[in-house]
Amino acid sequence: MSQHQRIIRRSITDIQAMKGNAPIVVLTAYTAPMARLLDAHVDILLIGDSLGMVLYGFDSTLPVTLEMMIAHGAAVVRGSQQSLVVCDMPFASYQESPGQAFRNAARVLKETGCGCVKIEGGREMAETVRFLSERGIPVMSHVGLKPQYVHMHGGYKYQGRDEATRAAIINDALACEEAGACMLLLEGVAESLAAEITQRVRIPTIGIGASPACDGQVLVSEDMLGLFEQTPKFVQRFADLSAEITRGVAAYADAVRTRKFPTLTHCFGTRK
Ligand code: KIV
(Lines give C-alpha, C1' and ligand atoms only; values in the text may rest on other atoms or scores of the structure.)
Protein backbone atom coordinates (compact mmCIF):
# COMPACT_ATOMS: atom_id res chain seq x y z
CA MET A 1 0.00 0.00 0.00
CA SER A 2 1.46 3.37 -0.99
CA GLN A 3 2.37 5.75 1.83
CA HIS A 4 0.58 8.46 -0.08
CA GLN A 5 -2.59 6.55 -0.80
CA ARG A 6 -5.34 8.99 -1.74
CA ILE A 7 -8.26 9.20 0.62
CA ILE A 8 -11.37 8.70 -1.45
CA ARG A 9 -14.35 10.89 -0.71
CA ARG A 10 -17.64 9.21 0.05
CA SER A 11 -19.89 9.19 -2.98
CA ILE A 12 -23.66 9.46 -3.21
CA THR A 13 -23.82 5.70 -3.84
CA ASP A 14 -21.70 5.01 -0.72
CA ILE A 15 -24.17 7.05 1.31
CA GLN A 16 -27.20 5.42 -0.32
CA ALA A 17 -25.76 1.98 0.49
CA MET A 18 -25.81 2.91 4.19
CA LYS A 19 -29.64 2.97 4.28
CA GLY A 20 -30.76 0.09 6.48
CA ASN A 21 -27.12 -0.76 7.35
CA ALA A 22 -25.53 2.08 9.33
CA PRO A 23 -26.68 5.48 10.60
CA ILE A 24 -25.47 8.37 8.43
CA VAL A 25 -23.68 11.11 10.40
CA VAL A 26 -24.06 14.66 9.09
CA LEU A 27 -22.95 18.02 10.50
CA THR A 28 -22.88 21.52 9.09
CA ALA A 29 -19.56 23.20 8.33
CA TYR A 30 -19.02 26.64 6.88
CA THR A 31 -15.24 27.07 7.06
CA ALA A 32 -12.07 25.13 6.22
CA PRO A 33 -10.81 24.79 9.82
CA MET A 34 -14.17 23.47 11.02
CA ALA A 35 -14.35 21.07 8.05
CA ARG A 36 -10.86 19.82 8.97
CA LEU A 37 -12.00 19.06 12.54
CA LEU A 38 -15.23 17.33 11.56
CA ASP A 39 -14.16 15.44 8.44
CA ALA A 40 -12.88 12.24 10.10
CA HIS A 41 -16.04 11.84 12.18
CA VAL A 42 -18.89 12.38 9.73
CA ASP A 43 -20.16 10.93 6.47
CA ILE A 44 -21.52 14.19 5.06
CA LEU A 45 -20.56 17.82 5.60
CA LEU A 46 -23.40 20.23 4.83
CA ILE A 47 -22.78 23.86 4.00
CA GLY A 48 -26.19 24.94 5.22
CA ASP A 49 -27.62 28.34 4.38
CA SER A 50 -28.08 28.49 8.17
CA LEU A 51 -24.66 30.17 7.88
CA GLY A 52 -26.63 33.37 7.26
CA MET A 53 -27.96 33.22 10.82
CA VAL A 54 -25.04 31.45 12.52
CA LEU A 55 -22.08 33.32 10.96
CA TYR A 56 -23.56 36.53 9.59
CA GLY A 57 -26.20 37.30 12.24
CA PHE A 58 -29.17 37.60 9.85
CA ASP A 59 -32.54 36.81 11.41
CA SER A 60 -33.44 34.33 8.64
CA THR A 61 -31.69 32.49 5.81
CA LEU A 62 -33.33 34.64 3.13
CA PRO A 63 -30.52 37.22 2.70
CA VAL A 64 -27.90 34.53 1.93
CA THR A 65 -26.47 34.85 -1.59
CA LEU A 66 -25.11 32.34 -4.09
CA GLU A 67 -21.68 34.01 -3.80
CA MET A 68 -21.66 33.44 -0.03
CA MET A 69 -22.57 29.75 -0.49
CA ILE A 70 -19.89 29.30 -3.14
CA ALA A 71 -17.16 30.94 -1.03
CA HIS A 72 -18.01 28.86 2.06
CA GLY A 73 -18.61 25.71 -0.02
CA ALA A 74 -15.16 25.93 -1.61
CA ALA A 75 -13.58 26.46 1.82
CA VAL A 76 -15.28 23.35 3.23
CA VAL A 77 -14.17 21.24 0.26
CA ARG A 78 -10.57 22.49 0.71
CA GLY A 79 -10.73 21.65 4.41
CA SER A 80 -12.05 18.09 4.00
CA GLN A 81 -10.88 14.90 2.35
CA GLN A 82 -13.31 12.10 2.93
CA SER A 83 -16.82 13.40 3.56
CA LEU A 84 -19.41 13.88 0.87
CA VAL A 85 -19.91 17.65 0.75
CA VAL A 86 -23.45 18.93 0.17
CA CYS A 87 -24.09 22.62 -0.46
CA ASP A 88 -27.39 24.43 0.11
CA MET A 89 -28.83 26.46 -2.74
CA PRO A 90 -29.82 29.81 -1.22
CA PHE A 91 -33.23 31.47 -1.49
CA ALA A 92 -34.08 32.82 -4.96
CA SER A 93 -31.25 30.94 -6.69
CA TYR A 94 -33.40 28.04 -7.94
CA GLN A 95 -37.13 28.62 -7.45
CA GLU A 96 -37.76 30.61 -10.64
CA SER A 97 -37.31 27.79 -13.18
CA PRO A 98 -35.42 24.53 -13.74
CA GLY A 99 -33.08 26.47 -16.06
CA GLN A 100 -32.22 29.02 -13.37
CA ALA A 101 -31.68 26.17 -10.89
CA PHE A 102 -29.39 24.32 -13.32
CA ARG A 103 -27.24 27.37 -14.08
CA ASN A 104 -26.74 28.20 -10.40
CA ALA A 105 -26.34 24.61 -9.17
CA ALA A 106 -23.77 23.99 -11.93
CA ARG A 107 -21.82 27.02 -10.64
CA VAL A 108 -21.92 25.55 -7.13
CA LEU A 109 -20.56 22.19 -8.32
CA LYS A 110 -17.89 23.75 -10.58
CA GLU A 111 -16.71 26.50 -8.22
CA THR A 112 -16.81 24.60 -4.90
CA GLY A 113 -16.02 21.00 -5.85
CA CYS A 114 -18.91 19.74 -3.71
CA GLY A 115 -20.79 16.59 -4.75
CA CYS A 116 -24.45 17.44 -4.24
CA VAL A 117 -26.78 20.42 -3.78
CA LYS A 118 -29.71 20.72 -1.40
CA ILE A 119 -32.91 22.51 -2.33
CA GLU A 120 -35.96 23.21 -0.24
CA GLY A 121 -39.35 22.13 -1.52
CA GLY A 122 -41.50 19.11 -2.28
CA ARG A 123 -43.95 18.58 -5.13
CA GLU A 124 -43.54 22.18 -6.34
CA MET A 125 -39.81 21.54 -6.89
CA ALA A 126 -40.10 18.01 -8.34
CA GLU A 127 -39.72 19.22 -11.94
CA THR A 128 -36.53 21.05 -10.94
CA VAL A 129 -35.19 18.01 -9.05
CA ARG A 130 -35.75 15.93 -12.20
CA PHE A 131 -34.15 18.56 -14.47
CA LEU A 132 -31.00 18.73 -12.33
CA SER A 133 -30.69 14.98 -11.63
CA GLU A 134 -31.09 14.05 -15.28
CA ARG A 135 -28.30 16.52 -16.14
CA GLY A 136 -25.74 15.24 -13.62
CA ILE A 137 -26.46 17.35 -10.57
CA PRO A 138 -27.31 15.24 -7.50
CA VAL A 139 -30.03 16.79 -5.36
CA MET A 140 -30.90 16.36 -1.71
CA SER A 141 -34.53 17.48 -1.26
CA HIS A 142 -35.43 19.31 1.95
CA VAL A 143 -39.06 18.84 3.06
CA GLY A 144 -41.13 19.45 6.18
CA LEU A 145 -40.09 22.66 7.94
CA LYS A 146 -38.40 24.66 5.19
CA PRO A 147 -36.62 27.72 6.65
CA GLN A 148 -36.74 29.56 3.30
CA TYR A 149 -40.56 29.39 3.60
CA VAL A 150 -40.48 31.09 7.02
CA HIS A 151 -43.04 33.70 5.96
CA MET A 152 -45.40 31.03 4.62
CA HIS A 153 -44.99 28.80 7.69
CA GLY A 154 -45.51 31.84 9.99
CA GLY A 155 -42.28 31.09 11.86
CA TYR A 156 -40.17 28.01 12.51
CA LYS A 157 -42.92 25.61 13.58
CA TYR A 158 -42.81 21.86 13.33
CA GLN A 159 -44.89 20.51 10.47
CA GLY A 160 -47.29 17.59 10.06
CA ARG A 161 -49.62 18.33 12.97
CA ASP A 162 -52.80 17.22 11.21
CA GLU A 163 -53.81 14.59 8.69
CA ALA A 164 -53.90 17.02 5.73
CA THR A 165 -50.37 18.37 6.27
CA ARG A 166 -49.05 14.88 7.03
CA ALA A 167 -50.42 13.64 3.72
CA ALA A 168 -48.97 16.68 1.91
CA ILE A 169 -45.48 16.08 3.36
CA ILE A 170 -45.61 12.38 2.47
CA ASN A 171 -46.57 13.36 -1.09
CA ASP A 172 -43.68 15.87 -1.14
CA ALA A 173 -41.22 13.17 -0.12
CA LEU A 174 -42.52 10.64 -2.63
CA ALA A 175 -42.58 13.23 -5.44
CA CYS A 176 -38.95 14.21 -4.80
CA GLU A 177 -37.84 10.58 -4.69
CA GLU A 178 -39.72 9.85 -7.92
CA ALA A 179 -38.10 12.91 -9.55
CA GLY A 180 -34.62 11.56 -8.79
CA ALA A 181 -33.59 13.12 -5.46
CA CYS A 182 -30.65 11.14 -4.05
CA MET A 183 -31.50 11.88 -0.41
CA LEU A 184 -34.20 13.56 1.65
CA LEU A 185 -33.68 15.99 4.47
CA LEU A 186 -36.61 15.91 6.91
CA GLU A 187 -36.67 18.97 9.16
CA GLY A 188 -39.07 19.75 11.99
CA VAL A 189 -41.73 17.12 11.34
CA ALA A 190 -43.83 14.94 13.63
CA GLU A 191 -41.79 11.92 14.72
CA SER A 192 -44.20 9.30 13.38
CA LEU A 193 -44.31 11.10 10.03
CA ALA A 194 -40.51 11.02 9.66
CA ALA A 195 -40.51 7.34 10.60
CA GLU A 196 -43.22 6.59 8.03
CA ILE A 197 -41.42 8.48 5.23
CA THR A 198 -38.13 6.73 6.07
CA GLN A 199 -39.86 3.40 5.76
CA ARG A 200 -41.64 4.28 2.49
CA VAL A 201 -38.75 5.74 0.46
CA ARG A 202 -35.77 3.84 -0.92
CA ILE A 203 -33.39 6.82 -0.62
CA PRO A 204 -31.80 7.80 2.72
CA THR A 205 -33.58 10.26 4.99
CA ILE A 206 -31.54 12.64 7.13
CA GLY A 207 -33.46 14.05 10.08
CA ILE A 208 -33.22 17.20 12.16
CA GLY A 209 -35.99 17.57 14.71
CA ALA A 210 -37.49 14.52 13.02
CA SER A 211 -37.05 10.93 14.31
CA PRO A 212 -34.42 8.48 15.57
CA ALA A 213 -35.83 6.21 12.85
CA CYS A 214 -34.36 8.42 10.08
CA ASP A 215 -31.44 6.88 8.17
CA GLY A 216 -29.15 9.67 9.36
CA GLN A 217 -29.08 12.73 11.59
CA VAL A 218 -27.85 16.27 11.04
CA LEU A 219 -27.30 19.13 13.48
CA VAL A 220 -25.90 22.62 13.08
CA SER A 221 -22.40 22.19 14.55
CA GLU A 222 -22.50 25.47 16.48
CA ASP A 223 -25.74 24.33 18.18
CA MET A 224 -24.42 20.99 19.34
CA LEU A 225 -21.04 22.43 20.37
CA GLY A 226 -22.73 24.95 22.67
CA LEU A 227 -21.80 28.13 20.86
CA PHE A 228 -25.27 29.60 21.47
CA GLU A 229 -27.04 30.42 24.71
CA GLN A 230 -30.30 28.75 23.72
CA THR A 231 -30.56 25.24 22.37
CA PRO A 232 -33.76 24.26 20.55
CA LYS A 233 -35.65 21.14 21.74
CA PHE A 234 -34.23 18.97 18.94
CA VAL A 235 -30.58 19.75 19.82
CA GLN A 236 -28.38 17.99 22.32
CA ARG A 237 -25.25 19.85 23.47
CA PHE A 238 -22.23 17.60 23.12
CA ALA A 239 -19.74 20.29 24.21
CA ASP A 240 -19.76 23.74 25.81
CA LEU A 241 -17.44 25.80 23.61
CA SER A 242 -18.93 29.12 24.73
CA ALA A 243 -17.62 28.53 28.24
CA GLU A 244 -14.24 27.41 26.91
CA ILE A 245 -13.93 30.45 24.59
CA THR A 246 -14.93 32.82 27.38
CA ARG A 247 -12.33 31.26 29.67
CA GLY A 248 -9.59 31.52 27.01
CA VAL A 249 -10.40 35.10 26.02
CA ALA A 250 -10.54 36.26 29.64
CA ALA A 251 -7.15 34.60 30.31
CA TYR A 252 -5.64 36.32 27.24
CA ALA A 253 -7.02 39.74 28.20
CA ASP A 254 -5.70 39.32 31.73
CA ALA A 255 -2.24 38.24 30.46
CA VAL A 256 -1.99 41.31 28.19
CA ARG A 257 -3.17 43.69 30.90
CA THR A 258 -0.74 42.30 33.45
CA ARG A 259 2.10 42.21 30.86
CA LYS A 260 2.44 38.44 31.21
CA PHE A 261 1.93 38.06 27.45
CA PRO A 262 3.88 38.26 25.23
CA THR A 263 7.13 37.13 26.83
CA LEU A 264 10.48 37.31 25.02
CA THR A 265 9.95 33.69 23.88
CA HIS A 266 7.16 34.95 21.60
CA CYS A 267 9.39 37.64 20.00
CA PHE A 268 11.81 37.67 17.04
CA GLY A 269 15.46 38.83 17.15
CA THR A 270 15.42 38.95 20.93
CA ARG A 271 18.32 40.64 22.73
CA LYS A 272 20.81 38.25 24.33
O1 KIV B 1 -29.14 25.24 6.55
C2 KIV B 1 -28.96 24.28 7.29
O3 KIV B 1 -28.04 24.22 8.13
C4 KIV B 1 -29.88 23.16 7.19
C5 KIV B 1 -29.95 22.30 8.40
C6 KIV B 1 -30.98 22.84 9.31
C7 KIV B 1 -30.17 20.91 8.07
O8 KIV B 1 -30.54 23.01 6.21
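Only a predicted model underlies this, so the values are computations on that prediction, with no experimental measurement involved. Hydrogens, waters and symmetry mates play no part in the numbers below; they use all other heavy atoms, side chains included. Both ligands and their constituent atoms are indexed starting at 1 by order of listing.
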At under 4.0 Å between heavy atoms, what of L46 touches ligand 1? The answer is side chain

Compute the minimum heavy-atom distance from E120 to ligand 1 and say whether it is under 4.0 Å. no

For F261 and H266, take the angle between the two ring planes, folded into 0 to 90°, and tell me which bin it lands in: parallel under 30, tilted 30 to 60, perpendicular over 60. tilted

ask   = Can you tell me if Q148 and D49 form a side-chain donor-acceptor pair at under 3.5 Å?
value = yes

**Message:** For E124, I'd like to know if atom CD has over 12 heavy atoms of other residues, nucleotides or ligands within 6.0 Å.
**Reply:** yes

In ligand 1, the atoms that come under 4.0 Å of a heavy atom of E187 are 6 (C)

Any heavy atom of T28 under 4.0 Å from ligand 1? The part involved is side chain

Taking only non-hydrogen atoms of G48 and a 4.0 Å limit, the atoms of ligand 1 in range are 1 (O), 2 (C), 3 (O)

For H142, the atoms of ligand 1 under 4.0 Å from one of its heavy atoms are 8 (O)

Check: With the threshold set at 4.0 Å, does a side-chain nitrogen-carboxylate oxygen contact exist between E96 and R103?
Finding: no

Within 4.0 Å of some non-hydrogen atom of L185, the atoms of ligand 1 are 7 (C)

Does K118, backbone or side chain, put an N or O under 3.5 Å from an N or O of ligand 1? yes

